[in-house]
Amino acid sequence: MPSPSRRHRLIEIDWPEFGVAARPLPPSSSELEARLDRLRARMEESKLTHAVVYGDREHFANLAYLTGFDPRFEESLLIAGTTGTPLILVGNECEAYLGISSLQREGRLRHERFQSFSLLGQPRDRGRALREILAEEGVGPEARVGAVGSKYFAPAEHPDAEHALDIPSYVADTLRNLAGAENVRNAAGLFMHPGHGLRANCTPFEIASFEYANGLAAEAVKRMIFALREGVTDHAVVQAGGVNGDPLSCHVTFATGPNTAYGLCGPSGEPIRRGQPLAFNIAYWGSNICRAGWIAESAADLPSAAADYVPAFAGPYFEAMGEWFGSMKLGTPGHAFHDLIQDRLPFDKFGIYLNPGHLIHLDEWMSSPFHAGSKIPVASGMAIQVDVIPQSAAYFSTRMEDGIAIADGELRAKLKESAPDCYERCRKRRSFMSDVLGIELPEEVLPLSNTCAIVPPFFLKPNTILALEH
């Protein structure tokens, strides 16, 4: 564990300009083939003959990770054996969109129109039954099928967690009827387990893509903060963020005024009022930048119960997060972060209920190694969301929700070679966090966000931010 935290202080700065990457190219067929190869190796280790990966608009990440294709209006199903060319089933409207996948364009992904995935009222009477398609792909009594949705389950959650599936019942029932119920297992952990999941070990390509997303989201959040004015509406503030149309991993939130208690609500036309709390976020695929604080210029604007917001709440949070960053070393067990936050920020005052951080990927929350008793270590390739959420009836909240990547020397060298501009921005953010904010980072931490640990407690005075004493 790092040494006890240094005290917080308030400083005045001009926010740094790190720049934002050009929009990265989508994953190449070679990148996607490498992911399929890694999946097949895991399938063989798990004695699976097939992986059947379900995706829809909300639960797309595992499917998109393998194919570069995300279903939009409809559902989709990928059927992959240990050899051969995978088959993807799509509905009427997704068929044309399949060309977004470099695998499909280059003939390395077969597809079939399966009209039950189409919207109600559309043509749904042409094509084969799911049972027939799966049987032709080799799903039968000798098959061992790993069904992949968006969750796996612990034994405490379900009496037969290994066979509990979170995919549509008509797909699950067909698989079980063909292969036998015992031969169809939940295999979401192959992708999402924080210790050994495929998506818990990011390549330089993925890190560079997520750095682009973090930069984009951070700049939008920065514009929103500097656009806050009394009397303007929350809609106007979000518009000032300039969201560019790239896909979002979760809804834009903006909670203030009467909506403060509804943390996931979006803008509703509420005017910005001095003395009100505020929490909001922007989340492109691979990022989620969130800030929480008060619409105020100083403590004088706060309710009397929150007058000591900085020394009693936001400042101690910032100190604890400095230690959190200092602990982010290869091999540190996940429980260390849980224990640190519980010790430094007691629940009865700070109300931190969710995990003190989690893994992020195309989906905003993939899974988390940071929980009580976790022995899962910090590992190279993890993309991590700095997501420690305090809440208080008196003080509301504070936040430094940004993205980081963990990279050992080998991965850093590969990133520097393949994406030198990305690597250089990460290096500059590290220097800023150390030299200006007083947060010392282990060498394996790469800050991906342009708002890297910048926390203005009073949004109407955004150049006043928290830092640690040097």
Side-chain angles (χ1 to χ4, degrees), residues 1-2 31 34-35 37-39 41-42 45-46 61-62 65-66 152 154 187-211 213-214 286-288 321 323-341 354-388 402-419 422-423 426-427 429-430 433 439-449 452:
M1 295 295 294
E31 173 85 11
R35 297 176 187 179
D37 288 343
R38 290 194 291 272
L39 170 63
R42 297 288 181 86
E45 291 171 5
S46 303
N62 293 322
Y65 170 78
L66 289 178
Y152 55 89
L190 292 181
F191 294 83
M192 304 178 73
H193 188 278
H196 56 72
L198 293 170
R199 294 198 287 123
N201 185 10
C202 295
T203 63
F205 173 86
E206 290 167 280
I207 292 173
S209 296
F210 298 159
E211 193 260 349
N214 271 268
S287 69
N288 186 15
M321 292 308 297
E323 294 187 53
W324 187 97
F325 275 109
S327 300
M328 192 58 66
K329 300 176 181 178
L330 292 170
T332 305
H335 74 81
F337 299 88
H338 171 271
D339 298 345
L340 167 70
I341 294 302
L354 297 179
N355 309 60
H358 58 87
L359 302 190
I360 189 170
H361 202 267
L362 297 170
D363 37 1
E364 193 276 332
W365 184 305
M366 190 182 84
S367 56
S368 180
F370 309 120
H371 55 81
S374 171
K375 297 180 181 179
I376 298 170
V378 172
S380 183
M382 284 182 167
I384 294 173
Q385 188 69 7
V386 184
D387 187 5
V388 182
D402 300 293
I404 62 174
I406 306 301
D408 61 14
E410 180 181 359
L411 183 54
R412 293 198 302 273
K414 290 179 179 177
L415 181 66
K416 184 176 182 180
E417 179 182 1
S418 62
C422 166
Y423 183 85
C426 291
R427 189 194 64 77
R429 296 184 191 107
R430 285 178 54 86
M433 290 180 69
I439 297 175
E440 299 295 337
L441 297 178
E443 63 180 358
E444 48 266 57
V445 176
L446 299 177
L448 303 180
S449 163
C452 47

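Side-chain contact between Phe370 and Ile341 is absent, with no heavy-atom pair separated by less than 4.5 Å. Looking only at side-chain heavy atoms (C-beta outward), Arg199 and Asp363 come within less than 4.5 Å of each other. Between Arg412 and Leu446, some side-chain heavy-atom pair lies under the 4.5 Å cut-off. Proximity of Leu66 to Phe191: side-chain heavy atoms (C-beta onward) are separated by under 4.5 Å at one or more points. Using a 4.5 Å cut-off on side-chain heavy atoms (C-beta onward), Glu417 and Tyr423 make no contact.
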Problem set entry | Evaluation steps, side-chain contact (heavy atoms from CB on, under 4.5 Å), between Ile406 and Met328 | CA-CA 8 Å; Ile406 306 301; Met328 192 58 66; 3.4 Å; yes
Exercise. What do the steps show when you test Ser287 against Leu448 for side-chain contact (heavy atoms from CB on, under 4.5 Å), and what is the final call?
Worked result: CA-CA 9 Å; Ser287 69; Leu448 303 180; over 6 Å; no
Problem set entry | Stepwise side chain to side chain donor-acceptor pair (under 3.5 Å) test for Ser209 and Glu206 | CA-CA 5 Å; Ser209 296; Glu206 290 167 280; over 6 Å; no
For this session: Apply side-chain contact (heavy atoms from CB on, under 4.5 Å) to Ile404 and Leu441, showing your working.
Result: CA-CA 11 Å; Ile404 62 174; Leu441 297 178; over 6 Å; no
For this session: Decide side-chain contact (heavy atoms from CB on, under 4.5 Å) for His196 and Glu45; before the verdict, give the C-alpha distance in whole Å, the side-chain angles of both, and the deciding distance to 0.1 Å.
Result: CA-CA 12 Å; His196 56 72; Glu45 291 171 5; over 6 Å; no
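Aromatic ring pairs are classed by plane angle as parallel below 30°, tilted from 30° to 60° and perpendicular above 60°; the pair Tyr152 and His193 is parallel. By the 30° and 60° cut-offs, the orientation of the rings of Tyr65 relative to His361 is perpendicular.
Between the NE2 atom of His371 and the CD1 atom of Ile376 there is a distance of 5.0 Å, given to the nearest 0.5 Å. To the nearest 0.5 Å, the span separating CG on Asp408 from CD on Glu443 amounts to 9.5 Å. Taking CD1 from Ile360 and CG from Asn214, the interatomic distance works out to 7.0 Å, rounded to the nearest 0.5 Å. Residue Arg430 holds its CZ atom at 9.0 Å from CD of Glu440, rounded to the nearest 0.5 Å. Between atom NE2 of residue His358 and atom CE of residue Met366 there is a gap of 11.0 Å, rounded to the nearest 0.5 Å. Rounded to the nearest 0.5 angstrom, Phe325 CZ and Ile439 CD1 are separated by 5.5 Å.
The shortest heavy-atom contact between His335 and Gly373 is CB-N, 3.6 Å. Taking both residues in full, the closest heavy atoms of Ile207 and Cys202 are given as CG1-CB, 4.1 Å, listed atom of the first, atom of the second, then distance. Nearest heavy atoms, Ala379 versus Leu330: C-CD2, 3.7 Å. Closest approach of Cys452 to Pro447, counting heavy atoms only: CB-CB, 4.2 Å. Taking each heavy atom of Ser327 and Thr332 in turn, the nearest pair found is O-OG1, 2.9 Å. The nearest pair of heavy atoms linking Ser374 to Pro333 is O-CB, 3.9 Å.
For Lys414, the side-chain contact (heavy atoms from CB on, under 4.5 Å) partners two or more places apart in sequence, or in a different chain, are Pro204, Glu410. In this structure, the side-chain contact (heavy atoms from CB on, under 4.5 Å) partners of Pro442, at least two apart in sequence or on a different chain, are Lys329, Glu444, Val445.
Side chain of Trp324 to main chain of Pro356: a donor-acceptor pair is present (N/O by atom type, distance under 3.5 Å, no hydrogens or angles). The main-chain N or O of Asn288 is found under 3.5 Å from a side-chain atom of Gln385 such that the two form a donor-acceptor pair.
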